[in-house]
Amino acid sequence: MLINRLENYKKLESLRKSRLLVYVTGDRQGAETNIGADILPSFANHLDAIGDVEKISLYIYSNGGSTLVGWSLVNLIRNFCKDFEVIIPFKCQSTATLISLGTNRIIMTKQATLGPIDPSTNGLMNPQVNINGQQIRVPVSVEQVNGFIDMAKNDLGIKNANRLASVYLKLTEYIHPLSLGDVFKAKSQIKMLAEKMLKFHKIDDAHIPKVISFLCSESGSHDYTIYRKEAKEELGLNIEKPDDELYKVIKEIYQDIENELELRTPYNPNHILNAATTNPADYQLRRALIESTTGGCDVFVSEGQLGRVNLPNGQVGIQDNRVFEGWKHENNA
């Protein structure tokens, strides 16, 4: 809980001579969350509680989410401070990396990683797959589409315009043309946002095209991880290494949040039911956090009841009656 971390939050603020915001999107297997527009009101409340200050540190752990929300969050925080830095304890992927580009500096631990910022699109025309009897729309990765086209051009040697047109037409048999349009629009948009973000960052102008190119395409895979040595020496980002005292505080904060959100324990409804004395059993999953010393804690929770039910085929299934899913505010307690 927040009260267990307050002392370390205050220590971190003292060490960095700044005001602290903490943002964690959980990556617990089966209960993952990502960066979405619903975070902006909570961040605004925390920033109002902090007020206009010289410097803000954002402690962030996330696998990413909406790129436009990342852009909005950077601009929102910068309205409250002159100096903005990000502290990365471990994972800072995709949109979280984009947010980092919009800071003055990036504090990275030894295990901290950045990643490519090439987005995936989610739209009503996206392809569908059948998962457990349900038709689920799947994201379309910008780099996967680019990889398919590059394979046709470079590996298969297709250069003729008419033959390339047939490659595009073949692709539309699996991905709707409007979804492909979203992909190419997203590719242009992410490069534009990265360039705008890097204007905030203390980086040599000569490095900017290299950073954008690498993060948007040249890394080869969205899962590629960039540790601080590569971020500093090869990409030229303004990376700061924490000293032992700062590292100890950063790690203790992360470990406490990791335990609270059970990030290393896959979510399994059977475990809840096996431990319960009733059927159905009430449950609450704490899945993401936004915290500060003055603004308290905003936690993204899923709440409901789990029950075992007899299925027509004679097997026993689990029914999830989810009654609430969203953000709740908690005070410093």
Side-chain angles (χ1 to χ4, degrees), residues 1-29 31-35 39 43 46 55-65 70 73-74 77 84-117 201 223-232 235 237-265 286-293 295 297-300:
M1 303 298 285
L2 172 59
I3 192 169
N4 301 326
R5 295 185 286 274
L6 272 178
E7 184 178 347
N8 272 331
Y9 286 176
K10 291 173 181 176
K11 282 183 185 177
L12 199 153
E13 288 184 327
S14 177
L15 290 169
R16 298 308 300 172
K17 297 180 174 57
S18 69
R19 299 303 304 274
L20 178 67
L21 284 166
V22 175
Y23 179 36
V24 174
T25 63
D27 58 353
R28 181 184 185 186
Q29 184 180 330
E32 299 88 348
T33 55
N34 54 37
I35 297 170
I39 68 171
F43 266 102
H46 282 266
K55 181 180 176 183
I56 289 178
S57 302
L58 175 66
Y59 183 109
I60 188 169
Y61 175 94
S62 177
N63 277 333
L73 181 60
V74 168
I77 293 174
F84 175 33
E85 66 182 19
V86 69
I87 299 172
I88 305 173
F90 193 5
K91 297 179 183 178
C92 184
Q93 307 301 117
S94 194
T95 293
T97 292
L98 183 67
I99 291 169
S100 299
L101 299 183
T103 65
N104 295 81
R105 73 195 63 80
I106 304 171
I107 294 90
M108 295 181 72
T109 64
K110 291 179 181 178
Q111 60 268 40
T113 60
L114 301 170
I117 58 175
H201 198 73
D223 296 326
Y224 185 86
T225 50
I226 303 166
Y227 288 85
R228 72 183 182 201
K229 183 178 176 65
E230 182 178 7
K232 183 178 180 66
L235 297 182
L237 295 175
N238 187 21
I239 305 298
E240 182 177 327
K241 174 184 174 181
D243 60 24
D244 291 344
E245 184 180 11
L246 178 59
Y247 175 72
K248 182 175 182 292
V249 176
I250 292 172
K251 186 175 181 179
E252 286 179 358
I253 290 171
Y254 172 73
Q255 288 177 330
D256 192 73
I257 292 174
E258 179 187 75
N259 291 334
E260 179 178 331
L261 300 186
E262 301 181 82
L263 298 183
R264 293 194 180 187
T265 306
R286 297 173 71 86
R287 300 173 60 191
L289 296 171
I290 300 170
E291 296 182 334
S292 65
T293 57
C297 171
D298 286 275
V299 56
F300 185 88

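Keep in mind it's a predicted model, so treat the numbers as computed, not measured.
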Student: Taking side chain to side chain donor-acceptor pair (under 3.5 Å) as the definition, give me every residue that meets it alongside T33, ordered by chain and number, with sequence neighbours left out.
Tutor: none
Student: Got L12 and L246 here, is their nearest side-chain heavy-atom distance under 4.5 Å?
Tutor: yes
Student: Would a distance-only check, ignoring hydrogens and angles, find a side-chain to backbone donor-acceptor pair under 3.5 Å from Y9 to L2?
Tutor: no
Student: List in chain and number order the residues that pass side-chain contact (heavy atoms from CB on, under 4.5 Å) with E7, two or more places apart in sequence or in another chain; answer none if no residue qualifies.
Tutor: K11
Student: Would you please name every residue forming a ring-ring contact (aromatic ring centres under 6.0 Å, His included) with F300, sequence neighbours left out?
Tutor: W327
Student: Who are the side-chain contact (heavy atoms from CB on, under 4.5 Å) partners of Y227, not counting sequence neighbours?
Tutor: T113, T225
Student: What distance separates K10 NZ from L15 CG, expressed to the nearest 0.5 Å?
Tutor: 14.5 Å
Student: Would you mind reporting whether S292 and V22 have side-chain heavy atoms less than 4.5 Å apart?
Tutor: no
Student: Could I get the full list of salt bridge (Lys or Arg N to Asp or Glu O under 4.0 Å) partners for R105, not counting sequence neighbours?
Tutor: D83, E85
Student: Count the heavy atoms belonging to other residues, nucleotides or ligands that lie under 6.0 Å from NZ of K251, then report whether that count exceeds 12.
Tutor: no
Student: Does any non-hydrogen side-chain atom of N63 lie less than 4.5 Å from one of T25?
Tutor: no
Student: A112: what forms a side-chain contact (heavy atoms from CB on, under 4.5 Å) with it, not counting sequence neighbours?
Tutor: I88, M108, T109
Student: Can you list everything that forms a side-chain contact (heavy atoms from CB on, under 4.5 Å) with F43? Sequence neighbours excluded, please.
Tutor: L21, Y23, I39, L58, L73, L76, I290
Student: Please report the interatomic distance CD1(I106) to NZ(K232), rounded to the nearest 0.5 Å.
Tutor: 10.5 Å
Student: Taking all atoms of both residues into account, what is the closest heavy-atom pair of G115 and Q93, and its distance?
Tutor: CA-NE2, 3.6 Å
Student: Is there a side chain to side chain contact (heavy atoms under 4.5 Å, CB included) between S57 and L20? Walk through the geometry before answering.
Tutor: CA-CA 5 Å; S57 302; L20 178 67; 4.2 Å; yes
Student: Please walk me through it: do I60 and I99 pass side chain to side chain contact (heavy atoms under 4.5 Å, CB included)?
Tutor: CA-CA 10 Å; I60 188 169; I99 291 169; 4.1 Å; yes
Student: Apply side chain to side chain donor-acceptor pair (under 3.5 Å) to T97 and list each qualifying residue two or more places apart in sequence or on a separate chain.
Tutor: none
Student: For E260, which residues count as a salt bridge (Lys or Arg N to Asp or Glu O under 4.0 Å) partner, sequence neighbours excluded?
Tutor: R5, R286
Student: Between atom CG of N34 and atom CZ of R287, what is the distance when rounded to the nearest 0.5 Å?
Tutor: 9.5 Å
Student: Is there a donor-acceptor pair under 3.5 Å between the side chain of H201 and the backbone N or O of T103?
Tutor: yes
Student: I need the Y59 OH to N8 CG distance, nearest 0.5 Å.
Tutor: 9.0 Å
Student: Between L114 and L237, is a side chain to side chain contact (heavy atoms under 4.5 Å, CB included) present by the stated rule, with each step listed?
Tutor: CA-CA 11 Å; L114 301 170; L237 295 175; 3.9 Å; yes
Student: Is there any side chain to side chain donor-acceptor pair (under 3.5 Å) pair reaching into residues 237-246, and which pairs are they, with sequence neighbours excluded?
Tutor: R16-E240
Student: What's the separation between atom CG in L263 and atom NZ in K91, rounded to the nearest 0.5 Å?
Tutor: 8.5 Å
Student: Would you say that V24 contacts F90 through its side chain, given a criterion of any heavy-atom pair below 4.5 Å between the two side chains?
Tutor: no
Student: Is the shortest side-chain heavy-atom distance between S100 and C92 below 4.5 Å?
Tutor: yes
Student: Is the backbone N or O of F84 less than 3.5 Å from a side-chain atom of N104, with the two atoms forming a donor-acceptor pair by type?
Tutor: yes
Student: So L235 and I226, do their side chains get closer than 4.5 Å, heavy atoms only?
Tutor: yes
Student: Hey, are R28 and E32 close enough for a salt bridge, meaning a charged N less than 4.0 Å from a carboxylate O?
Tutor: no
Student: Is it true that Y224 and E230 share a donor-acceptor pair across their side chains at a distance under 3.5 Å?
Tutor: yes
Student: Measure from the side-chain N and O atoms of T95 to the backbone N and O of G65, and report whether any donor-acceptor pair falls under 3.5 Å.
Tutor: yes
Student: Residues in side chain to side chain donor-acceptor pair (under 3.5 Å) with Y61, at least two apart?
Tutor: D27
Student: Do L6 and N4 have side-chain heavy atoms sitting under 4.5 Å apart?
Tutor: no
Student: Go through it in stages, so that I can follow the logic: the residues are K229 and I239, the test is side chain to side chain contact (heavy atoms under 4.5 Å, CB included), and I'd like the CA-CA distance, side-chain angles, deciding distance and then a yes or no.
Tutor: CA-CA 9 Å; K229 183 178 176 65; I239 305 298; over 6 Å; no
Student: Starting at CD1 of I56, measure out to CD of E13 and round the result to the nearest 0.5 Å.
Tutor: 10.0 Å
Student: Please name all residues satisfying side chain to side chain donor-acceptor pair (under 3.5 Å) with N259, sequence neighbours left out, ordered by chain then number.
Tutor: none
